[in-house]
J.: 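Here you go, one structure.
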Amino acid sequence: MRLSLDRLLQSQGVGTRKYCRELIAAGEITIAGECVTDARRTFETEGLTFTLFGEDWLYRAQAYIALHKPVDYECSRKPSHRPGVLSLLPDAFSWRGVQPVGRLDHDTTGLLLLSDDGAFIHAQSSPKRHVPKVYVATTHDPVTPALIAQLLDGVQLHDEPAPLSAVRCVALAAHQLEIVLEQGKYHQVKRMLAAAGNHCTALQRVAIGPLTLAALGLGEGEWCYLDPAQLSS
Ligand code: URA
């Protein structure tokens with residue numbers, strides 16, 4: 001696709017079209033070693049890299065991001081009590097409309113995907129897609145074989161029409177278990193543990209489908225772009 005330079009910069013979240021034109025006119029944009037000052041000049045976007053304030057930006061038609069969410073950040077679009085997860089990312093992502101794919105509670109840590117691709121967000125959030133999500137839960141009371149069995153058999157949550165069950169559940173330690181869910185109901189892990197007579201004291205999402213926090217190598221608060229091979233998986 002060819003785009004005029006001002007539109008191209010705007011699409012990448014550099015800022016408003018007016019601001020992008022000002023940057024271009026001020027000689028702040030370099031492409032292939034050439035300072036480009038004509039905002040209407042068009043460029044093929046595929047594989048394009050531009051330099052702004054000494055930083056290289058690779059053009060991305062859409063942004064797909066993995067974030068290791070720390071505690072005390074909200075996933076909602078208009079966070080009210082705590083900072084939003086977007087505050088952990090460069091401003092350009094907010095400018096280009098990146099938003100979380102689904103939600104983690106403010107006190108849940110772990111893998112969160114974000115994107116500005118509406119179709120991707122919709123597809124990932126669809127209940128018809130059975131993307132397994134892996135959580136490590138720390139529990140107040142000991143993890144027993146009976147607790148594991150209950151979570152695998154299904155527990156009734158009071159606003160759900162049918163019992164919800166884990167697709168996999170194993171004890172990791174005396175007070176820790178790994179639980180794999182294919183649905184994404186509100187507070188699902190915490191409510192399932194409560195319905196099974198225990199209490200979740202800490203929760204981390206360690207994987208979404210084949211994407212794992214460990215393989216991505218993200219420390220708390222760190223993020224990375226996902227490449228097309230990771231996405232198609
Ligand atoms: N289940 C929960 O209870 N909380 C989360 O944040 C995610 C899954």
Side-chain angles (χ1 to χ4, degrees), residues 65-89 98-115 120-143 147-148 150-173 175-214 216 218-223:
I65 295 149
L67 169 71
H68 184 162
K69 178 194 170 298
V71 285
D72 285 336
Y73 284 85
E74 287 186 20
C75 289
S76 55
R77 275 188 131 191
K78 293 208 172 80
S80 45
H81 301 296
R82 296 171 186 82
V85 286
L86 284 168
S87 67
L88 294 162
L89 303 170
V98 162
Q99 48 181 292
V101 179
R103 288 187 183 187
L104 289 177
D105 299 333
H106 73 84
D107 53 356
T108 300
T109 63
L111 183 57
L112 181 70
L113 304 185
L114 301 101
S115 181
F120 173 77
I121 295 174
H122 184 72
Q124 290 294 317
S125 315
S126 162
K128 289 189 198 128
R129 270 180 85 101
H130 298 285
V131 182
K133 301 192 178 77
V134 186
Y135 298 88
V136 171
T138 307
T139 59
H140 182 268
D141 297 320
V143 173
L147 175 71
I148 302 282
Q150 252 184 300
L151 295 168
L152 287 169
D153 288 349
V155 289
Q156 185 64 52
L157 304 183
H158 65 80
D159 53 353
E160 289 296 327
L164 296 175
S165 53
V167 288
R168 215 167 72 85
C169 189
V170 289
L172 297 178
H175 287 260
Q176 201 170 56
L177 56 79
E178 181 183 273
I179 180 167
V180 184
L181 300 178
E182 281 185 344
Q183 312 91 348
K185 309 276 183 191
Y186 181 67
H187 292 334
Q188 188 172 344
V189 175
K190 293 174 188 164
R191 287 160 70 220
M192 285 177 70
L193 278 165
N198 206 314
H199 174 68
C200 179
T201 56
L203 186 61
Q204 181 172 54
R205 181 156 70 191
V206 295
I208 299 174
L211 293 175
T212 67
L213 264 189
L216 291 167
L218 297 175
E220 278 199 16
E222 290 179 349
W223 64 274

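Read the numbers this way: they start at 1 and go in the same order the structure lists the ligands and their atoms.
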J.: I need the full list of side chain to side chain donor-acceptor pair (under 3.5 Å) pairs touching residues 189-200, with sequence neighbours left out, sorted by first then second residue.
T.: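 Of all non-adjacent pairs touching residues 189-200, those that pass side chain to side chain donor-acceptor pair (under 3.5 Å) are Asp105-Lys190, Asp107-Lys190, Asp159-Arg191.
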
J.: Note the single closest protein heavy atom to atom 4 (N) of ligand 1, along with its residue, its atom name and the distance in Å.
T.: Asp105 OD2, 2.7 Å

J.: Classify the contact between Val189 and ligand 1 as side chain, backbone, both or neither, using a heavy-atom distance cut-off of under 4.0 Å.
T.: both

J.: Does at least one non-hydrogen atom of Tyr186 fall below 4.0 angstrom from an atom of ligand 1?
T.: no

J.: Would His187 count as a polar contact of ligand 1, with the cut-off being nitrogen or oxygen pairs under 3.5 Å?
T.: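 Yes.
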
J.: Nearest 0.5 Å, what's the NE2-CG distance between His187 and Leu104?
T.: 11.5 Å

J.: To the nearest 0.5 Å, tell me how far Thr109 OG1 sits from Asp72 CG.
T.: 11.0 Å

J.: Looking only at protein heavy atoms, which one is nearest to atom 7 (C) of ligand 1, and how far off is it?
T.: Tyr135 CE2, 3.6 Å

J.: Under 4.5 Å between any side-chain heavy atoms of Leu147 and Asp141, yes or no?
T.: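 Contact flag for Leu147/Asp141 side chains = no.
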
J.: Heavy atoms only, cut-off 4.0 Å: how does Leu181 contact ligand 1, side chain, backbone, both, or neither?
T.: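 The answer is neither.
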
J.: If you count the atoms of ligand 1 from 1 in the order shown, which ones are under 4.0 Å from a heavy atom of Lys190?
T.: 3 (O)

J.: Report, in ascending order of atom number, the atoms of ligand 1 lying under 4.0 Å from any heavy atom of Thr108.
T.: 4 (N), 5 (C), 6 (O)

J.: Could you tell me whether a side-chain N or O of Arg82 sits under 3.5 Å from a main-chain N or O of Glu74, the two making a donor and an acceptor?
T.: no

J.: Can you tell me how far CD of Gln204 sits from OG1 of Thr108, rounded to the nearest 0.5 angstrom?
T.: 9.5 Å

